[in-house]
4 protein chains.
Amino acid sequence: MGVCVIGASGYTGGELLRILLQHPKVEIRYLGSRTYKGRFLHQVHPHLRGFGLYRFSDPDVEAIPSSCDVVFLATPIEASLKLARPLIGRGMKIIDLSPAFRLKNPGDYERWYGIKHPHPEMLRYSVYGLPELHREEIRGADLVSCPGCIAAAATLALAPLAKEGLVDPNHIIIDAKMGSSGSGSRPSRGSIHAERFGVIRPYRPVEHRHTAEIEQELSSLSGRMVRVALSAHAVNNVRGILCTCHAYTLAAPLSVQELWRLYRKFYNNEVFIRLVRGERGLYRYPDPKMVIGSNFCDVGFEVDSHSSRIVAFAATDNLVKGASGSAVQCMNLIFGLEESLGLKVPPSYPV
Amino acid sequence: MGVCVIGASGYTGGELLRILLQHPKVEIRYLGSRTYKGRFLHQVHPHLRGFGLYRFSDPDVEAIPSSCDVVFLATPIEASLKLARPLIGRGMKIIDLSPAFRLKNPGDYERWYGIKHPHPEMLRYSVYGLPELHREEIRGADLVSCPGCIAAAATLALAPLAKEGLVDPNHIIIDAKMGSSGSGSRPSRGSIHAERFGVIRPYRPVEHRHTAEIEQELSSLSGRMVRVALSAHAVNNVRGILCTCHAYTLAAPLSVQELWRLYRKFYNNEVFIRLVRGERGLYRYPDPKMVIGSNFCDVGFEVDSHSSRIVAFAATDNLVKGASGSAVQCMNLIFGLEESLGLKVPPSYPV
Amino acid sequence: MGVCVIGASGYTGGELLRILLQHPKVEIRYLGSRTYKGRFLHQVHPHLRGFGLYRFSDPDVEAIPSSCDVVFLATPIEASLKLARPLIGRGMKIIDLSPAFRLKNPGDYERWYGIKHPHPEMLRYSVYGLPELHREEIRGADLVSCPGCIAAAATLALAPLAKEGLVDPNHIIIDAKMGSSGSGSRPSRGSIHAERFGVIRPYRPVEHRHTAEIEQELSSLSGRMVRVALSAHAVNNVRGILCTCHAYTLAAPLSVQELWRLYRKFYNNEVFIRLVRGERGLYRYPDPKMVIGSNFCDVGFEVDSHSSRIVAFAATDNLVKGASGSAVQCMNLIFGLEESLGLKVPPSYPV
Amino acid sequence: MGVCVIGASGYTGGELLRILLQHPKVEIRYLGSRTYKGRFLHQVHPHLRGFGLYRFSDPDVEAIPSSCDVVFLATPIEASLKLARPLIGRGMKIIDLSPAFRLKNPGDYERWYGIKHPHPEMLRYSVYGLPELHREEIRGADLVSCPGCIAAAATLALAPLAKEGLVDPNHIIIDAKMGSSGSGSRPSRGSIHAERFGVIRPYRPVEHRHTAEIEQELSSLSGRMVRVALSAHAVNNVRGILCTCHAYTLAAPLSVQELWRLYRKFYNNEVFIRLVRGERGLYRYPDPKMVIGSNFCDVGFEVDSHSSRIVAFAATDNLVKGASGSAVQCMNLIFGLEESLGLKVPPSYPV
């Protein structure tokens with residue numbers, strides 16, 4: 001299968017390449033990067049030295065060879081909005097990692113992104129690229145829009161609860177903690193090691209844009225409006241997201257056994273969801289340290305009888321299940337391959 | 001002033017010594033440690049090499065010289081329960097860093113600590129050692145019980161809101177993130193560097209014991225029962241706590257200006273509370289990185305119009321304002337010294 | 001191929017399993033661990049949840065099924081000394097990760113390990129498991145003894161210089177920096193996160209045991225006695241070793257071009273050696289951050305005209321190329337498989 | 001004493017302010033920063049919120065009030081070269097933290113800095129600001145030039161050996177490891193957290209400029225030409241330098257006792273030098289973790305009988321003893337104050 005990656009020089013681009021280079025059915029045909037055109041793979045991603053002499057090119061729609069069956073857009077929203085349509089016109093499947101086509105309601109782009117969406121009609125046929133929720137739609141999709149990294153984790157943690165309508169839909173708190181690789185590779189004063197090391201920094205306590213997609217997905221699952229309050233924090237990791245989701249039970253308190261049943265049923269057979277909840281020990285709940293480098297989303301929960309609360313957790317590697325891994329999982333689905341092909345790799349531990 | 005420290009070999013003990021060694025009115029007269037009796041200061045706390053040839057002794061009530069005006073108990077709850085009474089009997093002031101005397105209601109010890117309190121009468125005269133809330137009581141106290149590190153931060157973040165009764169007292173979430181020094185210096189498999197480095201680990205998502213004291217203090221401030229849901233996480237820091245407190249407004253939404261007014265009024269002139277909330281920039285909200293090594297509690301807030309929520313933050317150094325610094329602040333009050341004596345030191349940055 | 005791992009619960013054991021679980025020709029038949037016998041894989045290595053219901057057994061020689069073609073000993077030296085012989089007697093190939101059979105000269109065990117080697121005759125046929133130096137011997141070996149993690153890196157950095165006899169064999173300094181996973185998973189006061197985080201701690205500045213094997217290998221390569229001075233430091237990483245090797249040139253100074261030629265010639269076609277030396281940029285020299293999770297050893301060098309010195313570098317992931325990856329590389333060689341089978345995986349970056 | 005700080009917005013500037021704000025004899029009269037002129041202290045250094053409403057001004061020689069007795073230049077070399085002379089002309093004492101006046105030989109500026117020094121005559125009267133070696137000269141100096149951070153540590157580790165002429169002056173290796181704060185606060189791709197976290201990166205293995213001053217100082221002490229080979233590495237810390245100095249003994253091997261005697265004699269009564277060498281335990285040797293936030297330089301050593309080598313260590317906080325702390329120590333000397341005034345503060349541990 002011929003593959004093109006645009007925006008291949010960033011961190012999600014690098015992870016896409018790491019995965020695709022190992023994928024048994026993939027041939028990389030085009031690497032686009034405006035900044036690094038002309039440079040070789042190992043000059044841009046020194047860790048990939050020894051994996052081929054690929055060269056970066058200007059990300060020009062016309063220059064992408066027709067032999068590319070699929071184009072990954074690891075680009076900012078503006079570039080994705082511009083590139084997706086002509087590429088679909090050329091018959092290529094698009095897997096977009098930007099938020100350009102995630103939201104169904106064009107008005108949400110005005111509310112959350114401050115833009116008038118230039119192609120609202122595309123929102124009707126784009127598919128939200130979370131296979132655990134949209135597997136069948138993804139199989140036939142021309143345009144898949146991968147979730148935001150926090151959105152993917154939070155949605156997977158809360159989906160079983162939302163589906164069953166067991167929690168108060170107006171008092172859901174998502175407290176997210178994440179590593180620095182989620183902010184990309186562009187330098188700024190606040191992102192340098194001396195400033196960013198050791199922080200526990202609230203960086204978007206309100207108005208986080210992923211709110212929109214989480215509400216879209218949970219509302220759709222539960223059949224009623226769900227409202228979430230999301231606060232994101234930067235912590236002293238490079239990789240990893242933990243979403244701690246606090247939700248209040250509506251009626252009678254749920255037992256741990258009932259929650260096990262609920263989550264098991266919802267995620268029955270999901271290859272990349274691991275349910276983690278122990279009775280004791282340090283590894284009772286999900287922790288991103290256990291998934292680094294892998295496409296797993298570890299999901300767990302706890303019951304708080306003191307405050308009629310359920311605490312649901314999801315831990316991912318933000319660059320893999322939170323971005324490039326999910327994207328390849330979607331590619332596998334689109335092309336009728338085994339969903340986990342090239343992806344079911346155990347995490348390295350401890351890192 | 002003659003000072004004795006029992007439990008001087010742990011991390012809070014070490015911080016107490018660091019502060020007391022610099023305090024212009026203090027003379028250290030007795031250092032008690034069962035494990036390290038006979039050892040010199042620099043053998044137990046190598047970073048304090050060069051600050052005197054103090055020697056550790058067995059923490060025996062009778063052996064503590066009468067010249068000690070105050071005894072700091074940096075001991076586990078069992079030891080504090082045993083030591084406090086006879087020392088008060090000898091006329092010494094007690095500043096206890098364990099939870100032994102924090103809760104007013106003896107029943108709370110059964111509910112949260114699983115013990116029947118052996119000296120319930122002492123709970124009536126012990127004072128909760130948070131000067132910002134109990135300054136006058138501390139001045140005359142014989143027994144001060146310092147807050148838990150998470151409790152201190154969470155209470156300071158929420159106190160102004162609780163006082164005014166502006167938030168829903170049944171839907172308050174406290175999501176705490178903290179460094180490894182809060183777990184003490186005893187080794188275990190889960191605490192070694194390779195296992196603990198890089199975690200974002202939910203270590204007590206429900207049933208955290210500090211819940212009891214936070215509810216005690218906030219209920220007392222607001223004049224009605226306040227219920228909090230506390231979840232604690234271990235992150236990749238040695239020092240520092242950030243408490244992110246999510247609360248829903250009761251009536252009309254509050255503006256940032258109203259919150260500023262509220263917090264300013266409540267913390268007017270408090271020497272160790274710094275209000276941090278900027279309109280832009282990376283340092284808009286409290287972050288423990290800004291207080292490491294100091295006795296400051298940085299407090300901030302944000303308004304979430306999307307979900308009728310206030311997010312209140314408090315950041316402390318868990319070993320200073322969260323333990324030993326507050327303890328010395330109480331000592332200054334008890335003995336009529338300037339409250340900030342020996343404590344108003346700027347944090348080191350960046351660390 | 002049937003595989004048994006003894007000592008499967010430690011960090012090198014865990015990495016062996018991570019690699020072997022992905023290896024297309026391997027079937028894991030026996031996991032031995034005294035401490036964890038009876039436990040399932042995911043209880044001991046939670047990150048491997050989802051990769052099979054393997055169970056740990058007591059590491060009993062007789063209990064290991066005959067269907068095991070090879071036994072990995074990820075055990076302390078004492079256990080390896082005891083287990084290797086009877087297992088060879090049962091016709092199994094042994095790949096030992098302890099130092100039990102690394103040194104050719106029995107006297108070196110007295111000098112460096114303080115033990116009289118119980119099986120000196122085994123030292124004659126054991127092979128030092130560094131494929132880049134001993135490939136042909138490994139192919140026919142019954143007993144392969146994998147190098148120490150620092151020894152592997154230092155030897156690979158210095159081998160081309162030693163081979164050509166270009167540096168003063170009496171003034172070679174190896175200054176090693178390494179992560180905490182190299183010290184194993186047993187807890188101690190000095191290994192807990194609060195104590196070990198942020199250190200730059202000289203932990204074995206002299207008398208490091210790896211000295212013996214480095215000298216053995218470099219002396220053998222150069223045909224004369226080489227003496228190295230090794231100092232090891234603990235730094236704030238979980239994984240990774242950097243060996244900085246300082247050597248003085250003997251005669252005329254060498255140019256960068258000559259060194260390129262030398263290293264290229266020596267490591268021509270080596271699949272896991274990557275030569276890294278740029279004229280500019282931040283990634284001019286090897287850095288373990290670029291190899292985490294992979295079996296690569298990045299090797300580089302610089303010329304110091306001021307002090308007639310060559311600085312040679314090697315960077316590895318201590319648990320992979322420094323232990324379990326090399327071990328599997330040896331297994332591939334022993335059994336006539338492609339040397340890189342199951343091993344040529346790109347590192348994750350940034351982690 | 002009236003004090004002016006130019007370049008007050010960087011990390012050394014921030015540390016200078018932290019120390020000066022606590023100094024009992026200092027009044028800060030002028031803060032110069034081109035970038036931040038007009039801003040308040042807490043806007044540039046948020047951690048110093050609560051320590052006064054100082055405002056930054058353009059660093060104009062004429063604008064500095066005559067009431068300033070001393071000017072600290074925490075500026076790049078170019079600015080120091082321009083500012084020092086006119087300020088001395090106005091009768092102010094200068095303490096420069098740049099390399100502008102460190103080297104006695106003007107030719108060394110061409111060799112190491114690639115510049116022709118514009119004021120070679122100033123090099124004759126500038127004093128190298130390492131009080132442990134130049135105390136008396138500093139007392140009377142008009143212009144003190146503080147050592148580079150690596151140079152200070154390496155020189156203090158090696159000085160006793162150089163003085164006695166006991167080590168081979170042509171085979172001294174200095175292998176330095178340091179934190180990110182030493183690279184300043186300007187952002188670049190390689191300095192962001194995701195790239196810089198977890199590195200063990202050789203960043204200047206040869207041709208490090210501090211070589212020149214170390215050789216100047218050690219040669220002067222030993223009365224003969226000393227040549228050092230310096231290699232610097234970036235490790236995963238914000239603060240801290242460890243210099244590991246490898247030196248070969250010239251004649252008979254030295255014992256640990258002889259080294260103790262030597263170092264004790266040389267550093268007899270030095271308030272900021274702590275000799276650290278234990279027979280056992282984890283804290284046998286200097287580690288910057290033990291000095292963070294303090295002005296101590298911990299010095300230690302070990303004897304390697306295997307390779308006739310001495311390993312000497314020095315650990316400092318690069319921003320304190322490696323920069324701003326030493327600068328204030330010099331100020332105290334110049335003005336006849338107690339040398340440790342405002343500086344003898346214990347480090348925080350663990351951080």
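Order of the sequence lines fixes the chain letters, A, B, ..., with proteins taken first and strands second; residue numbering starts at 1 for each chain.
Against chain A, no residue from residues 320-330 of chain C qualifies, as none has a non-hydrogen atom under 4.5 angstrom away. Applying a 4.5 Å heavy-atom cutoff, the residues of residues 41-50 of chain A that approach chain C are A:P46, A:H47, A:L48, A:R49, A:G50. Chain C is approached within less than 4.5 Å, heavy atom to heavy atom, by A:K344, A:V345, A:P346, A:P347, A:S348, A:Y349, A:P350 from residues 340-350 of chain A, ordered by number.
In this structure, the portions of A:V351 lying under 4.5 Å from any heavy atom of chain C include both its backbone and its side chain. For A:I273, no part lies near chain C; criterion is any non-hydrogen pair under 4.5 Å. Proximity to chain C (any heavy atom under 4.5 Å) is shown, for A:N318, by neither the backbone nor the side chain. For a residue to count as touching a neighbouring chain, one of its non-hydrogen atoms must lie under 4.5 Å from one of that chain's; by this rule A:L319 touches chain C with the side chain only.
Contacts with chain A were tallied for C:M290, C:R274, C:K289, C:Q22; C:R274 has the most, counting heavy-atom pairs under 4.5 Å. Highest contact tally toward chain A, considering only C:L17, C:I292, C:V276, is held by C:V276 [criterion: heavy-atom pairs under 4.5 Å].
Taking the salt bridge (charged side-chain N to carboxylate O under 4.0 Å, His left out) definition, one finds that A:E27 meets it with A:R29, sequence neighbours left out.
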